[in-house]
Every structure is written in C-alpha cells, then in structure tokens.
Engineer: 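My questions will all concern the structure given below.
All values below come from the heavy atoms of this structure, side chains included, with hydrogens, waters and symmetry mates left out. Note that the structure is a prediction, hence the values are computed from the model and not measured. Convention: sequence-line order gives letters A, B, ...; per-chain numbering from 1.
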Amino acid sequence: MSAERRPDLRVSLSADPARPLELPNPIVTASGCFASGREIDRFFDIGGLGAVVVKSLTLEPRLGLPTPRMVETDSGMLNAIGLQNPGVDAWLANDLPWLAERGVRTIVSLAGKTVAEYRTLAERVRGQPGIAAIEANISCPNVEDRGMVFAAREEATRDAISQVTRVSAVPVFAKLTPDVTDIAAIAAAAVEAGATGVSLINTLSGMAIDVETGRPRLGGVTGGLSGPAIRPVAVRAIHEVHRALPDLPIIGMGGVRSVPDVVELIMAGASAVAVGTATFADPFATLELVEGLPDWLAERGYRSVRQLRGAVQA
Amino acid sequence: MSAERRPDLRVSLSADPARPLELPNPIVTASGCFASGREIDRFFDIGGLGAVVVKSLTLEPRLGLPTPRMVETDSGMLNAIGLQNPGVDAWLANDLPWLAERGVRTIVSLAGKTVAEYRTLAERVRGQPGIAAIEANISCPNVEDRGMVFAAREEATRDAISQVTRVSAVPVFAKLTPDVTDIAAIAAAAVEAGATGVSLINTLSGMAIDVETGRPRLGGVTGGLSGPAIRPVAVRAIHEVHRALPDLPIIGMGGVRSVPDVVELIMAGASAVAVGTATFADPFATLELVEGLPDWLAERGYRSVRQLRGAVQA
Amino acid sequence: MSTVPGRGQPTPYTRGREDGPVRSICEVLAYRKIGAYHQLTIVAPDIAARATPGQFVSLAVEGGGTILRRPFSITGVSQHGPWAGTIDVVLDVVGPGTAWLAGRSKHDVVDVVGPLGRGFPLPRQPATCLLVGGGYGAAPLLYLAAQLQHRGHRVDLLFGAKTGERIFNAIEGKRQASSTRFTTEDGSFGTQGRVTDVLPDIATSTGAEAIYACGPMGMLAAVAAQARERRLPCQVSVEELMGCGVGVCNTCVVPYRRRDGLANVRACYEGPVLDAKRVVWEAIGTTAMAGEPVEQGDAS
Amino acid sequence: MSTVPGRGQPTPYTRGREDGPVRSICEVLAYRKIGAYHQLTIVAPDIAARATPGQFVSLAVEGGGTILRRPFSITGVSQHGPWAGTIDVVLDVVGPGTAWLAGRSKHDVVDVVGPLGRGFPLPRQPATCLLVGGGYGAAPLLYLAAQLQHRGHRVDLLFGAKTGERIFNAIEGKRQASSTRFTTEDGSFGTQGRVTDVLPDIATSTGAEAIYACGPMGMLAAVAAQARERRLPCQVSVEELMGCGVGVCNTCVVPYRRRDGLANVRACYEGPVLDAKRVVWEAIGTTAMAGEPVEQGDAS
Ligand SMILES: Cc1cc2nc3c(=O)[nH]c(=O)nc-3n(C[C@H](O)[C@H](O)[C@H](O)COP(=O)(O)OP(=O)(O)OC[C@H]3O[C@@H](n4cnc5c(N)ncnc54)[C@H](O)[C@@H]3O)c2cc1C
Ligand SMILES: Cc1cc2nc3c(=O)[nH]c(=O)nc-3n(C[C@H](O)[C@H](O)[C@H](O)COP(=O)(O)OP(=O)(O)OC[C@H]3O[C@@H](n4cnc5c(N)ncnc54)[C@H](O)[C@@H]3O)c2cc1C
Ligand SMILES: Cc1cc2nc3c(=O)[nH]c(=O)nc-3n(C[C@H](O)[C@H](O)[C@H](O)COP(=O)(O)O)c2cc1C
Ligand SMILES: Cc1cc2nc3c(=O)[nH]c(=O)nc-3n(C[C@H](O)[C@H](O)[C@H](O)COP(=O)(O)O)c2cc1C
Ligand code: FES
Ligand code: FES
C-alpha cells in the first residue's frame with residue numbers, strides 16, 4: 001500500500017469547536033479493561049492507540065467486591081469487580097503523569113455514588129494536563145435512588161451529566177447502560193445536560209449459578225456481561241441512538257474483536273470503537289485493530305474511515 | 001435407578017386452585033421454536049414433554065417479514081420472523097385438534113397489536129378443549145403506542161394482561177421482554193392484572209450488519225437475540241423477579257441447552273423451563289432434558305425437582 | 001440413552017422413529033477433494049435407507065461460537081459395500097462451519113440429522129429430463145440423475161459455475177447422462193457464459209419434457225422463467241438461510257402460491273424442492289409479500 | 001504483520017518488546033501423560049529465555065463458546081537442544097479449556113502469552129529451602145528446585161495430593177532434592193494425610209530456613225500459618241480465577257497487607273508469588289475487605 005493511498009484513520013469525536021477531540025485513529029480502550037496503561041505498555045507502545053480510557057475513578061479509593069469476580073459464559077464473561085480503583089487523587093498523582101509523559105491521549109472515566117460526587121470528581125480532574133476528555137460512567141448505582149443506576153433514568157442522567165459538563169473544559173461522554181427500556185431517550189437526556197457524546201454500551205446485567213453448590217458464581221451475585229455475546233445488542237443500541245441523534249458522537253463498544261467488528265459498530269453509528277474483553281484474550285488486540293483497519297479499508301477502496309460512519313442502509 | 005427412587009419431576013405452575021396447572025415435568029417448548037408440534041413429532045412423541053407452548057398467534061394470519069430472517073451470532077442467533085402464523089382461527093381448526101388428540105398439554109401463545117385484540121384472542125381460545133394455559137406474548141409492538149412493545153411499560157402490561165385474564169378460565173402467563181429498566185416492576189404489573197405467572201425472557205433486541213454490503217443482516221433490520229449467549233441475562237431476570245415476587249410461578253427460558261442449564265434457571269426461581277434455540281441445534285433437545293434431569297437429581301440425592309426452585313443462596 | 005452421544009459410543013448412534021428423519025452420530029468413511037469442493041462419505045445406514053434425491057442433511061459443526069447446524073444436499077447414497085449404507089455430501093468452504101467440516105477425515109465423527117425436506121418428484125411416464133445445476137447445486141442432481149436413469153428416463157445435464165474447478169464432478173456427470181454440457185463464466189471449462197445462455201438450445205435439441213434445477217436463487221429464477229416460456233414443468237431446489245432445518249423456526253421461507261393462497265413456505269419442510277411456477281420469485285427478500293405494514297424490530 | 005497469526009506462518013511467531021512478556025504462536029514439541037496430568041513441551045524460545053520459576057503462561061484454547069486464555073505455571077524451561085528454547089506446562093483436565101489443551105499433540109500449534117507474573121524470590125545467602133506442593137502446585141516447584149540447587153541451596157520437597165496419581169512427577173522430584181516426602185489423602189502413595197501433617201517434622205529435621213509453597217488456597221493458608229509459627233519466611237504462589245492474566249481486568253485479586261495499607265493485589269501481576277505473611281487469608285472471597293457497603297449488581 002503506497003503511503004499516499006493509505007486510508008485516513010483520523011476521527012473527530014466532538015462537534016463543539018470549543019472542546020475538540022481529534023483522534024489519530026478510532027480504536028480506544030474500554031474503561032476497566034486497561035488498568036493503568038502500564039500493564040499493556042509492557043507489550044507495545046500504547047501511544048499508538050486512538051486514546052486510552054482509564055478504569056472508572058471514584059472519589060475515595062475502593063477495594064471492590066470479594067472474589068470470585070468473573071465467570072466465563074458462552075462467548076462472553078460476567079464480571080463483578082466493584083469499581084476497585086485507587087481513587088481519583090492517587091490516580092492523578094501516580095498514573096496520569098506517566099500517561100501524559102508518554103503522550104497518550106487519555107480519557108478519564110469518572111464514577112460517582114451521588115450526583116454531587118460527579119461534580120467533585122469533575123473538579124478534581126479539571127485543568128489536569130493530558131486529559132483529553134471525560135467519560136462519565138453513569139451506569140453505576142446511585143445511592144440516593146435505592147441503588148438504581150443513574151443511566152436508568154432520564155432525570156438522574158441529566159443531573160449527573162450536568163454536574164460534569166458545568167465544570168469541565170474538555171468534551172464529556174456519558175457512558176450508558178443497555179439495561180433500559182429506551183436508550184435513545186437516555187442519550188437525549190445526556191445531550192440536554194451538555195454531553196459532547198455518549199459511550200455505548202456498558203455491560204448487560206447478568207448472573208450465573210454454580211449448580212453443584214447452589215451459590216452464585218460471582219462474589220457480587222450479579223455482574224456485567226461483556227464480550228462477543230453482546231455485540232448484537234451493542235450494534236442495535238448504537239444504531240438506535242445514532243438514528244435518533246445523528247450528529248451526536250458515539251464511542252461504540254461491546255464484543256469487538258476483529259476489524260469487521262469495528263466496521264460494524266462504525267456503520268451502526270459509532271465514531272470511535274472501544275475494545276474491552278478482547279484485550280483479555282489477546283494483549284495486542286487493540287494494536288492489531290489499529291494496524292488491520294487501514295488494509296481493510298484500502299482493499300475496499302475507502303479513503304477514510306469517516307466514510308463508514310452510520311453507513312448502514314437501514 | 002430403581003423406580004421408587006426416581007426423582008419426582010412434577011411441577012405446579014399455578015398458585016390458584018381455580019386454575020391449576022400441573023405438569024409431569026418442567027421441560028416445555030419456547031414459543032415460536034416448535035411450530036405446530038407435528039414437525040418435531042416426526043422425531044419423537046412430543047406428548048412426553050411437560051407442555052408445548054405454540055407459536056404466538058395473532059387475530060389475522062400473518063406472512064411475516066422478508067428474508068433473511070436469521071443470522072447466527074457468537075453463541076446465539078438473531079431472528080426477525082415477524083410473527084408469521086396462520087392466525088388464531090386456522091390454528092384452532094387445524095392444529096389444536098391434532099395436539100389435543102395426542103394428549104399434548106398445550107399452552108397457547110397470543111399476540112395482539114392492540115389492547116383490544118388481546119381480549120378478542122382470549123375469547124377465541126376460551127373453552128377450547130386441550131388448552132392448558134395461555135401465554136400472553138406482550139413483548140410485541142403496540143400499534144397504539146408508536147410500536148413500543150406492551151411489556152415495555154407497566155400500564156400497557158396491565159391493560160393487555162387484564163383483557164386476557166378477564167375472559168380466561170385457564171392460567172395466564174405474561175411473556176416479558178428483558179429490554180426494560182425494571183423487569184420486576186413489569187412482572188408486578190402483570191400480577192396486578194391477574195396473571196397466574198410470568199414467562200421470562202423473550203429475546204433481547206439486537207442487530208447485525210453485513211460489513212461488505214452495508215446492509216442489515218436481517219430483512220427486519222433489528223431482531224431478537226436468543227441462545228446460550230443470553231443465558232446470564234435470563235438467570236438474572238428470573239432471579240430478580242423471583243426475589244421480588246417469591247410466590248409467582250415463572251416459566252424460565254433463554255439459552256438453555258443442557259441439564260445443568262435447566263437447574264440453573266430453576267435455582268434462580270423458575271418453576272418450569274422452556275427450550276427454544278437448542279431445538280434448532282438438536283431436534284431431540286427437549287426430550288433429552290426430560291430424560292437427563294432425573295439422573296442428575298438422583299446422583300445428587302434430590303428427591304424432587306421442586307426442591308431446587310429458587311434454591312440459589314444469594 | 002445418553003444425553004451426549006458421540007465419541008466413545010459405537011457409531012452410528014441413531015435416534016428417531018421407524019420412518020422420517022433421524023439423528024445419527026456417524027463415522028466419516030472417506031474424504032475426497034473434488035475441484036474446489038470437499039466430499040465426505042458418511043456411514044449413516046438409516047439415513048441412506050430413507051433418503052430420496054433432493055433431500056438434505058443437517059450437520060453439527062464445532063468451533064468459535066457456532067451453535068446451529070449446516071444444511072447440505074445429499075449427493076448420493078450407497079446401500080451396499082462393506083459399510084452398509086453411506087451418504088455423500090459435497091462442501092464448498094464459505095465460513096467457519098464448512099471450514100470445520102472440510103477438515104474432517106476418515107474415522108472422524110459427525111452429527112447428522114436427516115433426511116430432511118421434500119425431494120424431487122419423479123415423472124410418472126418415461127420422460128426426457130434436463131437437469132440444470134449451478135456450482136454445488138449440481139450435487140443433488142447427480143443423485144437425481146442416477147435415480148432417473150435407473151427408472152428409465154432420459155437424463156441430460158447442464159452444469160454451470162464461475163470457474164472450471166467449481167463445476168462439480170463433471171466425470172461422474174458424464175457417466176450418468178445421455179448428454180452433458182458445461183458453462184463457466186470465465187470460459188475455463190465448457191462454454192463461456194451462463195447455463196441460461198445455452199438452456200434454450202439444449203432443451204430444444206434434447207426434446208426436454210421436464211426441467212430440474214438447483215443452484216443460486218438468481219439462476220433458479222432465470223431457469224424458471226425459461227421453463228415457463230416453454231411450458232415445461234420445472235422443479236427447483238431452493239436455498240435459504242436455515243436456522244433449524246426441521247421446520248420449527250420459520251427462517252427459511254420462500255414466497256409461494258399455494259392452492260389456498262399466498263404463503264411463505266419453509267424451504268426445509270415444504271421444500272427445498274418446489275414447483276418453480278408457484279414460487280413468487282420477484283417477492284423473495286422483499287416486503288412485497290408482507291400484506292401488512294412491516295414493523296421494524298418486531299423481532300419474532 | 002498479520003492480525004491472525006498461526007497456522008501457515010512460521011512458528012514461533014513472536015510479538016512483544018525486548019524484555020517482558022510476549023505473545024508467541026508456538027509448536028508443541030512433545031506431549032506426555034504423567035500420572036493424572038498431561039505435560040506439553042512447547043517451543044517458545046523468547047519465553048524460555050525470559051522466564052523465572054513461579055511465573056506462568058497463558059494459553060489460548062478453542063471450542064464451545066470459550067473466549068479467555070487459561071493460565072498455567074511454567075514447570076521447566078530448556079535453553080538447549082535441537083529446538084532452542086522450550087517451556088513445559090502441566091495440565092489437570094477440569095473443564096473445556098484444559099480438555100482441549102490435553103488433546104494437543106506434537107506439531108500442533110498453541111498461542112502462548114508469557115512469561116507472566118512475579119516469580120519466586122531466591123534466598124540471597126545459601127539456605128535450606130522446603131518446597132511444599134499440592135497437586136499440580138508441584139509443577140512450578142520443580143522448576144524452582146532446579147534453580148535453587150543450581151545456585152547451591154539445599155532443597156527438600158514435600159508434595160501432597162488426593163491420590164498417588166495426582167502426585168506430580170515424583171521421580172523428577174527425587175532427582176532435584178536432598179530429600180523428598182509425599183503425602184496422599186487416600187494413602188495410595190507416601191504417607192497418608194496432608195502435607196501440613198508432616199510439615200513440622202520435616203522442617204525441623206531438615207533445618208528449613210525458608211518455605212516455598214504452591215497449591216490450593218486452603219493448603220497455602222495452612223502452610224502459611226505453620227511458617228508463621230516457626231518464624232520462617234514463606235513465599236506462596238496463589239491461584240485465583242483469571243480473566244486476562246496480564247493485569248488489566250482486576251478479577252484475580254488477593255487481599256494483601258501492603259506497606260501503604262490494605263490492598264487487593266492482582267495474582268497475575270503483583271503475584272502469583274506473594275509473601276505469605278502479608279496475605280489476608282481470612283478475607284479471601286469475603287466482604288471483610290470491602291471497607292464500604294458492597295452494592296449488589298455494581299457490575300464493574
Ligand atoms: C437445502 C440446502 C442445501 C445445501 N446444500 C449444500 C451443498 O450441497 N454444498 C454446500 O457447500 N453448501 C450447501 N448449502 C449451503 C450451506 O448450507 C452453507 O454454505 C453453510 O451452511 C455455510 O456455513 P458456514 O458456517 O461455512 O458459513 P456462514 O456463512 O458463516 O454460516 C453462518 C450461518 O448461516 C447459515 N448459512 C450460510 N449460508 C447458507 C446457505 N447458503 N444456505 C443455508 N444456510 C446458510 C449457516 O447454516 C449458519 O447458520 C445448502 C444450503 C441449503 C439450504
Ligand atoms: C497462576 C496459575 C497457575 C496455574 N497453573 C496450573 C498448572 O500448572 N496446571 C494446571 O492444571 N492448572 C493450573 N492452573 C489452573 C488452570 O488455569 C485452570 O484449571 C484452567 O484455567 C481451567 O480451565 P478449563 O477451561 O479447563 O476449566 P473451566 O473451569 O471451565 O474454566 C472456566 C474459566 O475459569 C477459569 N479458571 C478455572 N479454574 C481456574 C483456576 N484454578 N485458576 C484460574 N482460572 C481458572 C478459566 O481460565 C476460564 O476462564 C493455574 C492457575 C493459575 C491462576
Ligand atoms: C472486567 C471489566 C471491568 C469493567 N470496568 C468498567 C469500569 O470501571 N467503567 C466502565 O465504564 N465500564 C467498565 N466495564 C465495561 C467496559 O468498558 C465495556 O463497556 C464492556 O465491557 C463492553 O465492551 P467489551 O465487550 O469489549 O468488553 C468493564 C468491563 C469489564 C469486562
Ligand atoms: C425463531 C424464533 C421465533 C420466536 N418466536 C416467538 C414467538 O412467536 N412468541 C414468543 O413469545 N417468543 C418467541 N421467541 C422467543 C422464544 O420463545 C424464547 O423466549 C427466546 O428465544 C429465548 O429462549 P432460547 O434462548 O431458548 O431460544 C422466538 C424465538 C426464536 C429464536
Ligand atoms: S430452517 Fe427452521 S423452519 Fe426451515
Ligand atoms: S487476571 Fe486480569 S488482572 Fe489478573
């Protein structure tokens with residue numbers, strides 16, 4: 001492939017000129033599936049990825065849930081980690097400088113237990129060098145609403161997201177759960193609250209039982225289903241939101257493993273594609289998608305990955 | 001295994017003595033996955049199954065959606081059949097007598113386009129000999145509510161189910177979709193409307209795109225995801241509803257393929273277990289579960305399958 | 001009876017009724033590469049004894065996240081020999097399932113359901129039959145040709161494909177027919193072009209009284225139109241995506257004019273062999289048949 | 001570089017940096033059954049060159065709907081011979097992944113990531129080391145024993161299992177140690193009982209100065225308690241369900257007292273070898289560590 005005809009992988013994830021987000025390629029990591037970045041940087045230079053979305057950070061450090069924390073299911077896995085993380089302050093002190101120094105485009109994922117916590121979290125990360133965007137993980141329980149996750153309700157979505165957008169100078173993505181009756185309505189609520197875009201989808205709520213012992217296979221009883229099993233749900237959710245809000249940037253994710261999977265999510269409406277569980281099976285998964293995408297495009301005569309966005313004829 | 005120690009497979013699916021539903025074993029067919037019954041009866045006597053749940057019937061005959069109507073996905077499949085069926089009257093005339101004559105316990109699945117249609121359907125099947133129960137498939141679009149499925153909303157659930165329970169002398173099960181924010185709330189609405197029990201879960205809404213052509217892989221664009229991929233979602237939904245409504249009979253389904261899968265759904269809270277996609281892979285799937293369950297129970301010292309219901313320690 | 005038959009158990013393990021289709025766990029007796037295709041000979045006496053030309057079998061496959069069986073036409077049966085009762089199937093590798101099957105060899109075990117579907121109806125009076133096959137669509141026609149010849153009918157074959165290596169088993173074809181003709185789109189074998197380019201001539205020169213066809217849907221539609229023009233009876237074996245192969249999932253439908261009106265009939269149950277003039281060719285894969293507004297997302 | 005390496009490509013295909021773990025597509029050089037276990041010798045020169053005892057590799061498996069790798073301790077490496085650089089792993093078949101791996105044979109190809117995790121720290125001064133293994137937990141200890149002996153330490157082995165055929169490679173053990181002792185729960189080999197029944201005697205008689213242990217968590221907790229009583233340094237190789245094996249999923253955590261406080265450390269990254277006295281044995285798999293109310297359904 002001659003240099004001139006190498007397809008253009010650049011994507012823009014913000015329609016707001018005041019808060020731009022340009023990535024050299026559409027492949028990013030899914031939150032909670034890439035730890036601090038150092039772990040995979042042992043294998044390759046993670047600076048080549050479109051961006052790194054870090055594990056969701058909470059205000060206080062969290063030890064998370066007891067083991068067992070995962071179980072493999074048919075073409076998928078359930079996890080119940082319980083948002084184990086060092087807390088936002090420790091991350092800012094120990095991890096962000098390393099990422100920034102290496103030139104990694106970093107998207108910080110924030111998870112609050114209350115609406116007010118989202119604001120505090122957004123304030124803590126505000127102005128920190130090297131943060132390209134915020135992903136507000138609102139698919140986590142709202143302790144003020146009987147543990148119902150924020151993104152389960154339009155109002156809670158609006159409340160949490162507006163706390164973040166109010167204090168942030170960088171683009172804000174609302175990470176939504178697919179476990180809702182109408183995901184496009186939740187996405188619209190996030191947009192009303194000033195979100196730059198949405199991240200679709202978080203894991204599906206699931207459960208598995210050890211029939212020999214009668215005990216749940218997860219310490220946390222229920223957990224989040226990810227991996228190839230859920231890709232059809234991700235494609236549908238992305239398509240649904242993209243059809244309702246065609247201009248809204250979407251970071252798509254859910255079961256992506258191969259270059260055609262990436263293309264499928266982009267055709268459904270994603271501007272960028274995050275990879276989670278696939279990295280567990282192959283530490284090079286994200287890099288190989290960055291490398292494989294140009295060939296796929298070139299072989300089919302596409303000049304830019306942007307041509308494919310929302311291109312499904314439906 | 002001596003005859004005396006053969007575990008008892010009988011289950012009761014109704015707490016209402018006026019409308020009992022006793023099955024000789026907990027294995028039933030999932031609606032839309034067993035056609036008229038004759039097709040599988042070519043392989044074995046279907047009278048040995050706990051019950052046969054027939055394809056959802058509508059008031060008028062329906063030709064359904066254009067092909068392609070299915071696509072295999074990772075450990076699952078998407079289908080978009082569009083409720084093709086001969087219509088309730090033709091079924092009563094041509095198919096029910098055959099089932100009744102063979103002594104098959106038949107659960108008739110009804111699907112309306114409007115609230116009123118559920119009543120008409122229930123009236124048509126009322127008093128027909130050989131109908132053991134009704135499954136009201138309310139996971140289908142309500143044309144009076146912009147095509148939103150009935151079971152997406154508590155009110156529509158109540159409206160549709162009460163039409164059926166009002167005119168029925170047999171137990172009524174509400175078949176629910178997992179694509180909702182709070183499935184226990186929908187189940188509660190069904191109970192308020194007089195449902196004897198609930199059937200959990202219908203397929204998840206999903207989509208797949210042919211990346212070479214840019215076209216959806218289904219003629220109906222989106223479709224229903226079934227098979228082993230969704231079992232963790234089924235277990236979670238059943239557990240959630242059983243915890244909220246412990247006395248409510250549940251017909252569980254979603255990705256069941258093996259005897260341990262059956263036990264998993266029962267431990268989560270199902271009283272009976274329906275098998276859909278597994279029959280596509282093996283026409284004997286249901287029969288082999290009926291045959292395999294007693295051995296599994298006996299090897300572990302269980303005397304009745306009823307001991308396992310809701311037995312998960314969570 | 002075990003719930004997980006297969007390895008370790010004597011093969012063929014068979015389950016089913018006295019007649020109709022069965023499920024068998026069978027041994028592969030032979031593997032053969034034929035041009036671009038792979039042929040498996042499978043020891044399945046019950047299926048061999050019950051099959052008729054035009055019927056198919058459904059094979060379980062392994063690997064990846066596959067869960068469904070794959071349908072394949074029966075291309076021949078043998079009731080004799082040291083292994084009593086074998087069936088042959090021909091595979092074109094197009095995806096994970098066919099790749100897995102093409103990797104089987106002698107003594108491997110495969111899980112087969114069959115025979116399935118409606119086969120080719122045979123002429124009641126001695127007749128001259130033109131059999132038209134596209135690609136691996138030739139497979140069931142070889143089985144049909146043998147049976148037609150055996151019953152005293154005249155058989156002429158017309159097989160087409162993209163390339164010569166995709167003409168299935170030309171040698172066997174020549175042995176079983178009064179005349180054979182091949183077309184390839186790239187001209188690498190036989191006449192360059194499509195079967196429908198030469199069909200009128202052959203039908204005239206052989207005096208064809210009936211046409212049997214199997215191949216891609218586009219080819220079948222074109223053959224059906226030519227048969228109609230010539231008022232020749234025409235039976236086609238259609239191909240649709242199949243979820244179950246046994247008639248219970250309703251995914252494999254073909255729009256069809258039945259005596260009692262328009263219907264979506266199942267390729268696996270009412271078909272795969274259908275009367276060409278009743279198939280509503282122009283409505284395949286369109287909403288033209290729906291007769292009612294099609295609701296998106298009406299999943300089942 | 002291809003996105004789907006493997007068959008057809010020259011093996012080993014290796015990808016990674018100059019040091020640290022790599023991903024290699026490797027050929028199986030030998031398969032051997034050892035008692036109840038299966039041993040694979042894999043040609044993986046980069047991994048062999050970088051490994052230390054106590055580290056593990058993560059193998060991709062096929063079949064069913066499996067998507068994750070399976071972790072296995074390295075039980076030995078060879079830098080020499082006609083195939084430069086092999087590693088050995090030992091498998092106990094417990095599920096689909098180990099069953100698939102146990103079915104591999106010479107010339108088959110496996111996909112390996114490694115070496116992973118923290119290995120056993122070696123004593124700085126010449127020391128008498130007691131190595132305590134349960135079941136296949138003996139595997140990494142044989143590799144450790146070889147290295148300890150090579151560096152002039154005294155090695156005593158104590159291996160236990162349920163049955164004799166689950167005592168891994170007793171012969172190799174005897175060759176690499178000053179003394180060996182075996183216990184089985186059914187008494188079919190060595191002393192009847194558990195390793196902890198005889199550990200105190202052996203520690204006294206050999207004059208053990210350090211304990212290394214690998215085996216089921218229950219055994220490790222008991223060994224750790226005995227080591228603590230005797231004030232012996234003790235390093236254990238722990239086992240937790242692993243999602244990724246490379247430190248990114250946080251599923252494999254073990255409660256641990258770190259210098260800066262209580263933490264859930266990753267068995268695959270900070271471990272699998274951990275300092276026994278810092279592991280919070282009583283908190284494993286309980287909510288005792290959570291430090292905050294555990295929300296059910298808090299999925300990630
Ligand atoms: C009645 C009938 C007879 C057939 N006979 C033959 C034959 O003799 N030789 C041969 O090579 N092929 C035949 N086919 C096509 C064959 O079934 C498919 O090529 C095969 O199922 C593809 O499986 P895959 O996993 O390799 O590909 P994939 O495309 O990955 O299959 C994915 C899914 O789609 C289904 N599918 C894909 N293509 C087809 C198709 N054309 N028809 C039906 N289902 C499909 C598969 O069964 C599977 O569920 C026949 C199909 C039918 C319906
Ligand atoms: C550091 C480490 C070293 C190990 N070394 C060996 C060894 O040398 N020999 C050996 O036979 N086994 C070893 N194991 C255990 C081995 O990884 C599991 O037995 C194996 O993963 C089971 O896979 P399966 O598909 O056969 O079983 P399944 O139980 O079906 O596996 C399902 C899932 O659970 C995971 N899993 C199941 N059991 C374990 C376990 N004990 N530890 C971690 N993950 C598990 C699997 O990786 C898979 O994701 C080791 C485990 C760890 C963590
Ligand atoms: C082990 C694990 C941990 C996760 N942790 C988080 C998290 O902290 N925050 C978040 O927003 N999503 C989290 N997710 C969800 C993923 O980011 C992603 O949305 C989901 O897994 C679907 O993508 P995949 O199928 O590629 O994994 C987690 C997923 C997994 C598997
Ligand atoms: C091809 C197909 C058709 C279906 N048709 C119906 C239907 O008509 N009515 C209904 O209530 N559910 C229908 N379902 C849903 C099943 O009854 C069942 O709820 C779902 O498939 C999950 O079970 P499974 O994973 O065992 O298939 C259909 C499912 C499939 C795969
Ligand atoms: S393939 Fe299922 S009905 Fe034909
Ligand atoms: S297994 Fe993923 S962090 Fe250890």
Side-chain angles (χ1 to χ4, degrees), chain B residues 31-35 38-40 42-44 55-56 60 62-84 137 139-141 143 147 202-203 205-206 219-224 227-229 257-259 277 279-284 288-289 291-292, chain C residues 1-5 15-17 19-23 58 60 64-69 95-97 111 113 116 240-255 260-264 266-269 283-300:
Chain B
S31 177
C33 303
F34 214 68
R38 289 187 185 87
E39 293 80 0
I40 297 296
R42 293 180 299 162
F43 292 94
F44 64 87
K55 174 80 190 166
S56 294
E60 311 292 337
R62 286 177 65 137
L63 290 164
L65 287 162
T67 56
R69 286 180 168 189
M70 80 107 196
V71 48
E72 196 181 32
T73 63
D74 291 276
S75 296
M77 64 173 275
L78 285 168
N79 85 81
I81 309 295
L83 288 179
Q84 177 178 344
N137 176 6
S139 321
C140 46
V143 298
N202 215 313
T203 53
S205 178
V221 181
T222 60
R257 197 161 45 168
S258 68
V259 171
T277 306
T279 290
F280 304 168
D282 177 4
F284 292 96
E288 292 192 341
L289 295 174
E291 291 171 345
Chain C
M1 204 171 282
S2 163
T3 52
V4 232
R15 185 159 205 189
R17 294 188 182 260
D19 52 22
V22 298
R23 177 183 176 216
S58 194
T66 58
I67 56 165
L68 302 171
R69 284 173 187 269
D111 175 345
V113 169
L116 294 167
E240 249 303 342
L241 284 187
M242 289 189 175
C244 71
V246 296
V248 294
C249 75
N250 255 333
T251 66
C252 61
V253 296
V254 177
D260 55 352
L262 227 54
N264 271 322
R266 291 160 292 187
C268 72
Y269 196 76
I284 291 172
T286 73
T287 56
M289 279 285 287
E292 64 227 308
V294 171
E295 294 119 17
Q296 248 199 29
D298 180 355
S300 31

Engineer: Where on C:Val113 is there a heavy atom nearer than 4.5 Å to chain B: the side chain, the backbone, both, or neither?
Structural biologist: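 For C:Val113, the side chain is the part near chain B, not the backbone.
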
Engineer: Regarding B:Glu39 and C:Arg266, does a basic nitrogen lie under 4.0 Å from an acidic carboxylate oxygen?
Structural biologist: yes

Engineer: Which region of C:Asp111, side chain (C-beta onward) or backbone (N, CA, C, O), has a non-hydrogen atom less than 4.5 Å from a non-hydrogen atom of chain B, or is it both or neither?
Structural biologist: neither

Engineer: Closest approach of B:Phe284 and C:Arg23, non-hydrogen atoms and distance?
Structural biologist: CE1-CB, 3.6 Å

Engineer: Between the main-chain N or O of C:Ile67 and the side-chain N or O of B:Glu72, is there a donor-acceptor pair closer than 3.5 Å?
Structural biologist: yes

Engineer: Of the listed residues (C:Gly20, C:Gly247, C:Ala60), which shares the most heavy-atom pairs with chain B below a 4.5 Å separation?
Structural biologist: C:Gly247

Engineer: Any Lys/Arg nitrogen of B:Arg257 or B:Glu288 sitting under 4.0 Å from an Asp/Glu carboxylate oxygen of the other?
Structural biologist: no

Engineer: Give the member of B:Gly227, B:Gly76, B:Pro228, B:Gly206 that has the highest number of heavy-atom pairs under 4.5 Å with chain C.
Structural biologist: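 When all of B:Gly227, B:Gly76, B:Pro228, B:Gly206 are compared, B:Gly76 has the most.
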
Engineer: For the interface with chain C, which of B:Arg38, B:Met70, B:Met77 has the highest count of heavy-atom pairs at distances below 4.5 Å?
Structural biologist: B:Met70

Engineer: For B:Ser75, which residues count as a side-chain hydrogen bond (donor to acceptor under 3.5 Å, both in side chains) partner, sequence neighbours excluded?
Structural biologist: A:Ser75

Engineer: Could you tell me which portion of B:Ser31 (side chain, backbone, both or neither) has an atom closer than 4.5 angstrom to a non-hydrogen atom of chain C?
Structural biologist: neither

